[in-house]
Amino acid sequence: MSEDRTEEAPAYRYTASLAGEIETRWQDTWESEGTFHAPNPEGSLATGAPVPEDKLFVQDMFPYPSGAGLHVGHPLGYIGTDVFARYHRMTGRNVLHTLGYDAFGLPAEQYAAQTGQHPRTTTENNITTMRRQLRQLGLGHDPRRSFATTDPEYYRWTQWIFLQIFNSYYDTEQDKARPIGELIEQFERGERLAEDGRAWSELSATERRALLNSYRLVYISDAPVNWAPGLGTVVANEEVTADGRSERGNFPVFRKNLRQWTMRITAYADRLIDDLALLDWSDQVKTMQRNWIGRSHGSHVRFAAGDRTVEVFTTRPDTIFGTTYLVLAPEHELVDELVTDAWPEGTASAWTGGAADPRTAVAEYRAATARKSDLDRQENKDKTGVFTGSYARNPVNGRQLPVFVADYVLTGYGTGAVMGVPGEDQRDWDFATAFGLEIMRTIAPPEDFEGEAYTGEGPMINSANPELGIDLDGKPKDEAIAEIIAWLEANGHGNGTVQYKLRDWLFARQRYWGEPFPIVYDENDLPVALPEDQLPVELPEVEEYAPRTFDPEDADSEPSPPLSRATDWMYVTLDLGDGPKQYRRDTNVMPNWAGSCWYHLRYADPVNSEAFCDPVNERYWLGPRVNEHGANDPGGVDLYIGGMEHAVLHLLYARFWQKVLYDLGHVSAHEPYRRLFNQGYIQAYAYTDSRGQYVPADEVTESEGKFFHNGAEVRREYGKMGKSLKNVVTPDEMCADYGADTFRFYEMSMGPLEASRPWATKDVVGAHRFLQRLWRNVVDEQSGKHRVSEEPATEEDRKALHRAIAGVHEDYANMRFNTAGAKLIELNNHITKVYAKTESTPRELVEPLVLMLAPVCPHIAEELWSILGKDGSLAHGPFPAADPAYLVDETVEYPVQVRGKVRSRIIVPSEAGEDEVRAAALADEKIAACLDGEPRKVIVVPGRLVNVVP
RNA sequence: GCCCCAGUAGCCCAACGGCAGAGGCAGGCGACUUAAAAUCGCCACCGGUGCGGGUUCGAAUCCCGUCUGGGGCACCA
């Protein structure tokens with residue numbers, strides 16, 4: 001397509017090579033002029049002049065600088081935000097738009113482990129490549145605000161935020177995080193006691209520290225975590241797929257008790273759910289977050305089992321009369337205490353697991369469960385379990401309930417124990433059926449109900465015990481739940497409660513390429529926060545970048561982080577207030593998500609060395625704006641664009657950190673992203689031959705609906721773009737063949753930004769032809785001078801122009817870039833039709849067209865603007881305004897329908913009233929012909945149509 | 001199994017409940033050319049909006065059911 005017929009083409013035809021020349025030149029100009037520098041109200045990015053009150057903060061999701069380079073799908077969102085940002089900048093707003101790099105992570109480390117090249121080198125090379133690829137697209141970013149999470153000046157503040165979290169606790173009374181110092185004061189004043197009831201003054205210094213550590217928002221716990229031996233690190237719950245493997249690398253994951261940093265995100269569970277209501281996000285993402293947090297209201301119920309008590313969690317305490325057994329998770333701590341030495345008389349053989357006594361049966365069952373991977377537990381939903389030999393007593397009816405151990409009860413949720421209510425829970429029904437347990441209904445199903453467990457609504461039955469003063473019979477569900485909870489609480493058998501699926505966030509990784517913890521350990525092995533002036537804690541040089549990895553199935557292996565082998569770095573002598581002492585550094589690094597939790601804040605104040613973000617700058621760019629967004633505005637980035645894949649992880653973590661910083665008074669916004677927009681993906685066709693091998697997609701030809709490669713038919717599939725699928729198209733190719741403006745226009749015109757669609761290189765030429773025609777309407781291809789006259793445009797021209805202006809305005813503002821593009825083509829087609837064959841085009845048509853084109857195709861627009869004799873850039877406007885006088889016509893054509901079908905058309909003056917329109921319609925001969933006397937009804941929609949009902 | 005989203009011309013896609021077609025690709029005809037490509041101009045095909053019902057004067061649009069495709073969740077008591 002990059003045609004070598006330059007000798008024939010006129011010297012100033014808009015070809016790919018001319019586009020390339022124009023584009024490079026304007027990119028250089030923008031850079032040297034600082035065209036996209038957005039002033040801050042405070043600090044070194046302030047200009048001294050007051051900043052406009054009207055601002056816009058647009059942000060793209062942080063890219064990871066991959067070594068593979070970009071394909072045409074990657075910049076879709078970046079171009080979308082750029083068009084939006086440029087449009088608003090032209091209307092006079094102060095627009096913050098930039099792009100940084102989320103550069104810590106596994107690929108650079110794995111590459112380092114293979115080649116010995118330092119991850120920093122790999123990362124920096126990749127960033128350089130990506131910057132070059134993006135620069136040629138002409139994105140209007142403020143380069144001063146770009147950074148990488150791997151910059152020590154950036155992760156210094158990531159560590160600083162970690163320390164803020166470390167030095168806080170969650171006050172459940174005030175429902176906010178507070179500085180740990182305020183907790184100390186409460187202990188000192190005696191307002192709080194240690195868990196064992198001792199006063200602060202009775203505790204040793206070490207005990208005091210341990211006590212405080214148990215309150216911190218980030219704490220070290222010795223709890224079951226997800227250990228992936230094949231990856232050599234632990235991972236967060238969120239990073240484990242449904243089939244029990246690591247999202248990264250797809251390795252098996254095992255539960256293992258390890259000492260690990262954990263963030264108390266669960267303290268924020270309610271606020272993270274409730275504040276979703278304040279956000280302009282899609283319901284889909286909100287629902288995913290709600291489901292992930294998984295709040296369910298229910299109650300704890302305590303069942304006496306001998307001298308022990310089994311506490312269960314249930315969302316259906318109303319069904320308690322239907323309980324016929326209890327189940328504990330295999331890992332439950334009470335199992336050892338409840339298991340008996342011999343089977344009770346008459347124990348069914350199905351309950352024994354074939355063992356001679358309960359102790360053996362439980363031990364064997366537990367061992368079998370431990371051997372099962374999560375995948376096995378997942379796939380095999382047959383109910384298994386064994387009887388412990390013990391019975392518990394149902395407090396509402398005194399019934400004896402056999403206590404089982406079964407792996408369908410999960411240890412991490414609720415109390416790890418459930419009451420078996422087969423009548424109203426299908427899982428319990430399945431278990432009861434498998435073990436021959438009694439099934440009793442306590443809710444009457446409808447007469448025609450043919451299922452097993454009945455989980456629907458209905459009147460309660462079999463649920464009264466007059467002696468205890470309980471009578472739920474006949475009552476609806478909500479009433480029954482409220483009543484039984486009140487009874488349980490009054491009688492000490494339980495209490496209403498709320499459960500969450502969300503668990504605390506495992507925050508340490510045994511890797512190299514991540515942020516080190518700003519923590520050292522003293523001789524008591526207790527963590528000590530480093531003072532702020534010792535930040536950043538930089539990564540040491542090491543011999544081996546990779547952690548030790550193990551056989552992916554070796555569940556008994558232990559993590560061995562790379563930093564633990566940097567012994568010179570690990571042991572330090574510091575004076576932290578009580579004289580020089582030796583300390584040991586923490587050898588974990590933070591997970592990948594840390595850096596992306598707060599980058600929006602750093603964008604707002606990127607070079608501040610005194611603070612992570614000056615409060616004045618934070619308030620200006622991110623603060624709540626009640627006047628624009630209403631009284632409940634939480635603040636945050638005005639528009640955040642990215643893919644759906646971060647719906648839970650990144651967006652939940654970032655919201656959590658934002659709320660902590662808000663509670664501690666560091667920021668004025670309590671949500672990071674006011675508006676979230678999920679873009680679609682550009683996908684591509686791939687082709688396989690008869691052996692199932694991929695063939696290069698650009699060599700495939702189509703004929704009569706079939707596809708051929710070298711004469712042989714190939715099979716088409718639809719999906720991702722990727723090297724292995726041999727269907728990658730790069731922005732570099734598109735820029736070389738057509739220019740960046742053509743590429744940008746095409747990407748935006750393919751469809752709405754939120755839709756996924758297939759890439760079609762052959763369609764790109766349409767966008768190129770449009771720009772070529774437009775160029776020719778403005779520029780003489782022979783001389784390169786403009787061919788614009790000062791002659792006035794016609795009435796008809798002006799109508800076309802102002803209709804376009806009005807439509808394009810609205811389309812840009814609502815991110816309908818595809819229809820904005822269509823309207824520009826339409827206007828240009830009109831101009832071409834009227835003026836292409838004449839000497840010149842009226843300036844009053846050309847200038848607005850060029851300005852309206854600028855957000856999508858900024859380089860050609862700048863060039864045309866300058867050829868038209870304008871000084872400077874059009875990046876800051878003006879943007880044309882539509883004159884309403886040209887939006888109305890003198891006459892209107894009304895289609896006239898009879899019974900909803902168009903039968904005729906009439907033309908009436910646009911100011912004609914309904915009656916006149918009606919009369920004109922009925923007078924039309926074609927309509928009169930359809931009518932048999934007076935019509936029953938005539939509907940006149942002003943400006944639209946007439947519908948006659950005979 | 002459950003929950004979202006989407007189905008309009010050969011393809012990508014437009015249409016406040018009001019004329020199904022804005023725009024692009026592909027296609028046809030013509031101009032330029034020795035010719036082809038590229039460029040330019042013109043043209044229109046064909047679909048009654050996945051399917052079946054309903055509401056309405058009027059439905060691509062709203063409601064119910066159903067099919068297909070894409071995404072998410074999945075023993076969470």
Side-chain angles (χ1 to χ4, degrees), chain A residues 1 3 5 8-10 13 15 242-243 282-285 287-288 291-292 294 296 298 312-316 319 327 377-378 380-381 383 406-410 412-421 424-428 430-431 499-502 644-645 647-648 678 680-681 683 702 704-705 718-719 745-746 749-752 754-767 769-770 772-773 776 781 807 816 818-826 828-829 832-833 836-837 893-902 905 935-939 941 943-950:
Chain A
M1 236 68 31
E3 56 282 334
R5 63 196 131 71
E8 292 174 45
R13 171 158 292 174
T15 58
D243 55 1
S282 71
D283 286 339
Q284 188 179 8
V285 172
T287 304
M288 284 167 72
N291 290 344
W292 187 264
S296 46
V312 307
F313 172 71
T314 176
T315 55
R316 296 296 305 275
T319 64
V327 188
R377 273 172 90 151
Q378 162 79 21
N380 186 358
K381 292 196 176 171
K383 297 288 179 285
D407 68 359
Y408 83 94
V409 174
L410 308 174
Y413 185 75
T415 60
V418 304
M419 56 188 211
V421 189
E424 280 84 35
D425 184 295
Q426 189 60 42
R427 295 158 300 187
D428 295 343
D430 294 340
F431 188 82
Q499 280 294 330
Y500 305 89
K501 281 202 280 183
L502 182 72
M644 278 290 300
E645 70 272 21
V648 175
N678 296 111
Y681 298 98
Q683 299 191 294
E702 184 184 351
E704 292 172 3
Y718 178 59
F745 192 91
Y746 173 65
S749 62
M750 288 168 79
E754 65 271 25
S756 293
R757 51 260 149 102
W759 177 260
T761 299
K762 68 177 173 59
D763 292 1
V764 180
V765 69
R769 285 179 192 149
F770 158 62
Q772 224 161 32
R773 274 197 297 272
R776 199 161 24 231
E781 289 192 322
R816 295 189 300 249
N818 52 331
T819 50
K823 289 180 174 101
L824 293 175
I825 292 175
E826 198 178 357
N828 188 56
N829 286 351
T832 306
K833 196 176 232 172
K837 293 198 180 84
E893 188 186 73
Y894 278 82
V896 183
Q897 298 179 333
V898 176
R899 239 197 283 275
K901 299 279 176 249
V902 179
R905 289 159 200 286
R936 262 200 301 152
K937 198 170 179 184
V938 179
I939 291 126
V941 185
R944 282 288 176 184
L945 54 49
V946 181
N947 191 13
V948 180
V949 187

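Each chain gets a letter, A, B and so on, in the order its sequence line appears, and its residues count up from 1.
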Check step by step if side chain to side chain contact (heavy atoms under 4.5 Å, CB included) holds for A:L945 and A:V896. CA-CA 6 Å; A:L945 54 49; A:V896 183; over 6 Å; no

Of all the choices, B:C75, B:A15, B:U39, which nucleotide is nearest to the side chain of A:R776 once you look at every atom? B:U39

How far does the C1' atom of B:A60 sit from the matching atom of B:A9, given to the nearest Å? 14 Å

d(OH, A:Y408; C1', B:A74) in whole Å: 17 Å

Need one value for A:Q897: base, sugar-phosphate or nothing, where a base atom within 4.0 Å counts as base even if backbone is also close, heavy atoms only. base

Spacing of A:Q284 atom CD relative to B:C3 atom P, expressed in whole Å: 14 Å

Between B:A6 and B:G48, how many Å separate the two P atoms, rounded to a whole number? 23 Å

Please pick, from B:C57, B:C25, B:C12, the nucleotide with the shortest atom-to-atom distance to any side-chain atom of A:R757. B:C12

Base-pairing mate for B:C73 - Watson-Crick or G-U, with both contacts under 3.5 Å: B:G1

Nearest-Å distance once atom P is located in both B:C57 and B:A15: 27 Å

B:G24, B:A77, B:A26: which one has an atom nearest the side-chain heavy atoms of A:Y413? B:A77

Provide the Watson-Crick or G-U wobble partner of B:A60, both distances under 3.5 Å; none if there is no partner. none

Can you tell me the pairing partner of B:A22 across any strand shown, Watson-Crick or G-U wobble, with both distances under 3.5 angstrom? none

Determine whether the side chains of A:Y413 and A:S296 contain a donor N or O and an acceptor N or O closer than 3.5 Å. yes

Rounded to whole angstrom, note down the P distance from B:U8 over to B:G50. 6 Å

A:R773 side-chain N/O to B:C40 phosphate OP1/OP2 under 4.0 Å: yes

Distance between P atoms of B:C25 and B:G41 (Å, rounded): 11 Å

Examine B:C25: is either OP1 or OP2 under 4.0 Å from a nitrogen or oxygen in the side chain of A:R769? Give yes or no. yes

Please report the distance separating the C1' of B:U61 from the corresponding atom of B:U49, rounded so that it comes out in whole Å. 10 Å

Which label fits B:G72, syn or anti, where anti is any glycosidic angle not within 90° of 0? anti

Which nucleotide, B:A26, B:A77, B:G58, lies nearest any side-chain atom of A:N947? B:G58

Please determine, for the side chain of A:V765, which listed nucleotide (B:C75, B:G23, B:A26) has the closest atom? B:A26

A:G294 backbone acceptor or donor facing A:N291 side chain under 3.5 Å: no

Rounded to whole Å, how long is the line connecting atom CD of A:E754 with atom C1' of B:C13? 12 Å

Check whether any side-chain nitrogen or oxygen of A:K937 sits under 4.0 Å from OP1 or OP2 of B:C57, and answer yes or no. yes

Could you identify the nucleotide paired to B:C29, looking across every strand shown and requiring Watson-Crick or G-U wobble geometry with both distances under 3.5 Å? B:G41

Take A:M419 and A:T319 through the test side chain to side chain contact (heavy atoms under 4.5 Å, CB included) and record every step on the way to the result. CA-CA 10 Å; A:M419 56 188 211; A:T319 64; 4.0 Å; yes

Taking only N and O in the side chain of A:T832, is any of them less than 4.0 Å away from OP1 or OP2 of B:C40? no

In terms of side-chain heavy atoms of A:D425, which of B:A77, B:C25, B:C4 is nearest? B:A77

Would the A:Y681 and A:W759 ring centres measure less than 6.0 Å apart? no

Would you measure the distance from the P atom in B:U56 across to the matching atom in B:G72 and give it in whole Å? 41 Å

d(CD, A:E826; P, B:A14) in whole Å: 15 Å

Quick one: does NZ or CZ of A:K383 land under 6.0 Å from the six-membered ring centre of A:Y408, within 45 degrees of the ring axis? yes

Starting at CE of A:M644 and ending at P of B:G70, how long is that distance when rounded to a whole Å? 16 Å

Interatomic spacing from CG in A:N828 to CD in A:Q772 - rounded to 0.5 Å: 11.5 Å

Minimum-distance nucleotide to A:V941 side chain [options: B:G18, B:A14, B:G41]: B:G18

B:A14 pairs with which nucleotide, Watson-Crick or G-U wobble, both distances below 3.5 Å? none

Which one, B:G24, B:A77, B:C19, comes nearest to the side chain of A:P895? B:C19

Between A:P758 and A:V949, whichever has its closest RNA chain B nucleotide further toward 5' is A:P758

Ignoring hydrogens and angles, tell me if any N or O in the side chain of A:N818 forms a donor-acceptor pair with the backbone of A:S749 under 3.5 Å. no

Pick the P atom in B:A59 and in B:U55, then give their distance to the nearest Å. 11 Å

Using a heavy-atom cut-off of under 4.0 Å over every strand shown, decide if A:M750 touches base, sugar-phosphate, or nothing. sugar-phosphate

How is A:K823 classified with respect to the nucleic acid when contacts are heavy atoms under 4.0 Å: base, sugar-phosphate, or nothing? nothing

Is there a side-chain polar atom (N or O) of A:N829 under 4.0 Å from OP1 or OP2 of B:G24? yes

Between A:R316 and A:V948, the residue closer to the 5' end of RNA chain B by nearest nucleotide is A:V948

When both hydrogen-bonding distances must be under 3.5 Å and the geometry is Watson-Crick or G-U wobble, what is B:U34 paired with, if anything? none

Does A:R816 put a side-chain nitrogen or oxygen below 4.0 Å from OP1 or OP2 of B:C13? no

Complementary nucleotide for B:A6 - Watson-Crick or wobble, under 3.5 Å: B:U68

Would you mind classifying the nucleic acid contact of A:I939 as base, sugar-phosphate or nothing, using non-hydrogen atoms under 4.0 angstrom? base

Side chain of A:F313 only, heavy atoms from C-beta on: which candidate in B:G18, B:C12, B:A77 is closest? B:A77

Tell me the interatomic distance from A:K762, atom NZ, to B:G24, atom C1', rounded to whole angstroms. 10 Å

Using side chain to side chain contact (heavy atoms under 4.5 Å, CB included), reason through A:Q499 and A:T315 one step at a time and then give a plain yes or no. CA-CA 9 Å; A:Q499 280 294 330; A:T315 55; over 6 Å; no

Give a yes/no answer on whether the side chain of A:N291 brings an N or O atom under 4.0 Å of OP1 or OP2 in B:C3. no

Residues A:E781, A:R776: salt bridge by 4.0 Å N-O rule: yes

Between B:C25 (C1') and A:F745 (CZ): distance, integer Å: 14 Å

A:T314 side-chain proximity, nearest of B:C12, B:A77, B:C57: B:A77

A:I825 CD1 - B:A14 P separation (whole Å): 14 Å

